[in-house]
Colleague: 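Below: one structure in structure tokens.
Each chain gets a letter, A, B and so on, in the order its sequence line appears, and its residues count up from 1. Source: prediction; values computed, not measured.
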Amino acid sequence: MSELTLHEVEKRFGNTEVLRDLSLTVGSGEFASFVGPSGCGKSTLLRIIAGLERATTGEIRIDGRDVGRLEPVDRGVAMVFQNYALYPHMTVRQNIAFPLHTIGLPRQEVEQKVAEAARTLRLTDRLSHKPAALSGGQRQRVAIGRAIVRDPKVFLFDEPLSNLDAALRGEMRIELAELHARLGTTMVYVTHDQVEAMTMSDRIAVLNAGRIEQVGTPTELYHHPSTRFVADFIGRPAMNMLTGQATATDNNGITVSIENQEIRVPVDPGASPPKPGSAVTLGVRPENVAPAETGLRAEVQMVEYLGGVSVIHARTPSGQRLAASLPGAVNVARHAVVGFGFDPTDTHLFTPQGMAFRRRAVAAAALPTFLPTADGDAS
Amino acid sequence: MNRRVSGPGALLALYGFLVAYAALSLMPFAWMLITSFKEQAALFQLPPSFRPSLLFTDTPMANYSVIWNERNFVTFFRNSAFVSFMAAIGQVFTCALAGYAFARLPLPGKNIIFAIILATAFVPTEVTIIPEFLLMRGFGWLDTFLPLIVPSFLVGAFGTFMLREYFASLPHDYAEAARMDGAREFRIFWRIYLPLAQPALISVFVIAFINNWDELLRPLLYLTSPDLYTVPLGLLSFVSQYEAAWGQLMAGSVISTLPLIIIYVLTQRYVLAGFSGGGVKG
Ligand SMILES: Nc1ncnc2c1ncn2[C@@H]1O[C@H](COP(=O)(O)OP(=O)(O)OP(=O)(O)O)[C@@H](O)[C@H]1O
Ligand SMILES: [Mg+2]
């Protein structure tokens, strides 16, 4: 159980600033993710925590101890690489045992630990195979095995699922979450896939160009994105962004005009409310958009049928894109002009600089609650 | 080398050329083989005959049995095998260390040092052999195997070059994974990159072995006791001492070629892979 603290970490390669003023504490036993687009510095950050790279300035602390100058192994961190980096000439057993032999553990203990890890990761019948003879998912598990045998204080994962196919990715997400629940170790997970971050993390930090854009629980990020970048990045299909003007402001919200429709958005106007006539962006998630008699009129461009849901892609008369995600199949023709509506309490409002106005009462989402069965057996 | 030869005519011409070339290169070997089965009298026959005349007598292996039984050939063979093996081991070991350092370690000025090592490949042996001899004499190493073995433990330009290229072609990730696993530099080299470089190590070994097996100048210079003679030196002695026993010389040459052929056949898969570099699978 260990706490990881990043304090004002910065990283420059020559003149390129890759990480800027990065501070965050990952609590003991927490599963924290860093998400962000390709090239935003995720791997660099992880490598700095691991000790494979030095931060230009700033501190890395594990359990309060500054580890910034220690070798990786002395930090008590283990890392699972994106391409696994399994030693190709060694068997699964030798791969998993390698870190244990390195620290000079007695042979018998090594065997015991390898057997235990293999059991946990369902690799027992693969122990004498070479990595080349394994499936992608098995290689992934060997890489995890090599990390867990050392009982590290902090686990680091660098996009560990990105080499797997979609079905396996889904499976491994669940396995990783279970592993975390079982080991209770602090985990730092890096990915460009917001679904992975949303499904597994206790907390997510959204990275944009080397800077933390926002930190929060998955629900916080989903309901209260603090910037347009986060709003756009979290949730799929991506949030609709409609441009318009502010027309009026009062204490309870801001009234905006979008496609000649007046909408009163219940947000906190804050210290510098938008002047009437100034540009704003209204955000609304596709899952909050529904067909409506009145409302925004838009021409249907395409319907994506995904089985459980259908996503209608439409375009307003002024050319703005609008997507609506509806349960089941929908019966609508291409090029039909139909009305779309949404509840103003479901919307988000952003300044032209991409900062969000703090939302007021968010419609208390009707969370389905599972009740334990009478005999207390929830399975 | 992806150019295709098109058309049956072109293909025929290509194969015709290759066959002719192969025949031409094999000629000396064929001649050596035939001569080893001739009696002394048949050697200088004119016009020369391709007939291995001994095969038609009741002592077809006469030349072979003479060198094997009456001459010291077994000793020569053993000496050559020992010297060549040790020298090849020396090359592999030191070139692997040097190649790894040049390819993977953050060494200031390493490219300049590497260029200097490479440059030594262009200095002809004739230039260095006399100072080398004086050095060996100074060490008191004359008439021992040491002058034939020890220099191979001092890195060679070719092996270093080849292994440097090979190590550089291996992914860097293994080193980082191993560092995370607590391995220091030597362990990373020894347990991970050295095994992965096996094809290149084998090719360096084979090439060094063959070079040393064929070496005549240095044994001639350093060895005086016939007990220490290597195969090429021993073969030479057939000419000087016994007024050119060509048949025996050729029989000895045939035997001395065999190990090289066997080694090459056994390792050609690796040698080719070593030369083509990389080819690393995940
Ligand atoms: N050793 C280096 N020298 C110079 N620039 C580097 C170095 N390593 C990374 N960078 C730069 O730092 C930036 C961030 O790289 P990083 O690998 O951390 O991105 P990432 O978020 O992991 O991207 P991806 O999702 O594609 O893996 C990139 O612009 C990259 O070019
Ligand atoms: Mg990366």
Colleague: Hey, are B:D181 and A:Y87 close enough side-chain-wise for a donor-acceptor pair under 3.5 Å?
Modeller: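 Present: a donor and an acceptor within the cut-off.
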Colleague: Side chain, backbone, both or neither: which part of B:R184 has an atom under 4.5 Å from a heavy atom of chain A?
Modeller: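 Only the side chain of B:R184 comes within 4.5 Å of chain A.
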Colleague: Please classify the contact between A:F98 and chain B as side chain, backbone, both or neither, with a heavy-atom cut-off of under 4.5 Å.
Modeller: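 Its backbone and side chain both get close to chain B.
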Colleague: Determine yes or no for a side-chain-to-main-chain donor-acceptor pair under 3.5 angstrom, with B:T128 supplying the side chain and B:T125 the backbone.
Modeller: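 Present.
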Colleague: Ring centroids only, cut at 6.0 angstrom: are B:F209 and B:F85 within range, meaning strictly under it?
Modeller: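 That pair fails the under 6.0 Å test.
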Colleague: Assess the residue pair B:E176 and A:R47 against the criterion (salt bridge (charged side-chain N to carboxylate O under 4.0 Å, His left out)); give the C-alpha distance rounded to whole Å, side-chain angles, the decisive distance to 0.1 Å, and a yes or no.
Modeller: CA-CA 10 Å; B:E176 298 203 322; A:R47 292 166 55 81; 2.5 Å; yes
Colleague: Tell me, for B:R179 versus chain A, whether the close heavy atoms (under 4.5 Å) come from the side chain, the backbone, both or neither.
Modeller: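 Contact with chain A is through both the backbone and side chain of B:R179.
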Colleague: Counting heavy-atom pairs closer than 4.5 Å to chain B, which one of A:N83, A:I103, A:D74 comes out on top?
Modeller: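 Going by pairs under 4.5 Å, I would pick A:N83.
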Colleague: Under 4.0 Å between a Lys/Arg side-chain N and an Asp/Glu carboxylate O for A:R12 and A:E17?
Modeller: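 The answer is yes: the pair qualifies as a salt bridge.
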Colleague: Do A:Q82 and A:S162 have side-chain N/O donor and acceptor atoms under 3.5 Å apart?
Modeller: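 Yes.
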Colleague: Aromatic contact between B:F161 and B:F158, with the criterion being ring centroids under 6.0 Å apart: yes or no?
Modeller: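 Aromatic pair excluded; centres sit 6.0 Å or further apart.
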Colleague: Can you tell me which portion of A:A50 sits under 4.5 Å from chain B's heavy atoms? Options are side chain, backbone, both or neither.
Modeller: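 The answer is both parts of A:A50.
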Colleague: Relative to chain B, which segment of A:V77 carries a heavy atom at a distance below 4.5 Å: side chain, backbone, both, or neither?
Modeller: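 Answer is both: backbone and side chain atoms of A:V77 are under 4.5 Å from chain B.
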Colleague: Could you please state which residues from residues 97-106 of chain B sit under 4.5 angstrom from chain A, measuring non-hydrogen atom to non-hydrogen atom, sorted by number, or 'none'?
Modeller: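 Near chain A, by residue number: none.
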Colleague: Which of these, B:F77, B:F82, B:Y264, sits in a ring-ring contact (aromatic ring centres under 6.0 Å, His included) with B:W213?
Modeller: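 Of B:F77, B:F82, B:Y264, ring-ring contact (aromatic ring centres under 6.0 Å, His included) with B:W213 is met by B:F77 alone.
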Colleague: Per the side chain to side chain contact (heavy atoms under 4.5 Å, CB included) rule, which among A:V35, A:L161, A:D158 passes with A:Y189?
Modeller: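 The single option meeting the side chain to side chain contact (heavy atoms under 4.5 Å, CB included) with A:Y189 is A:L161.
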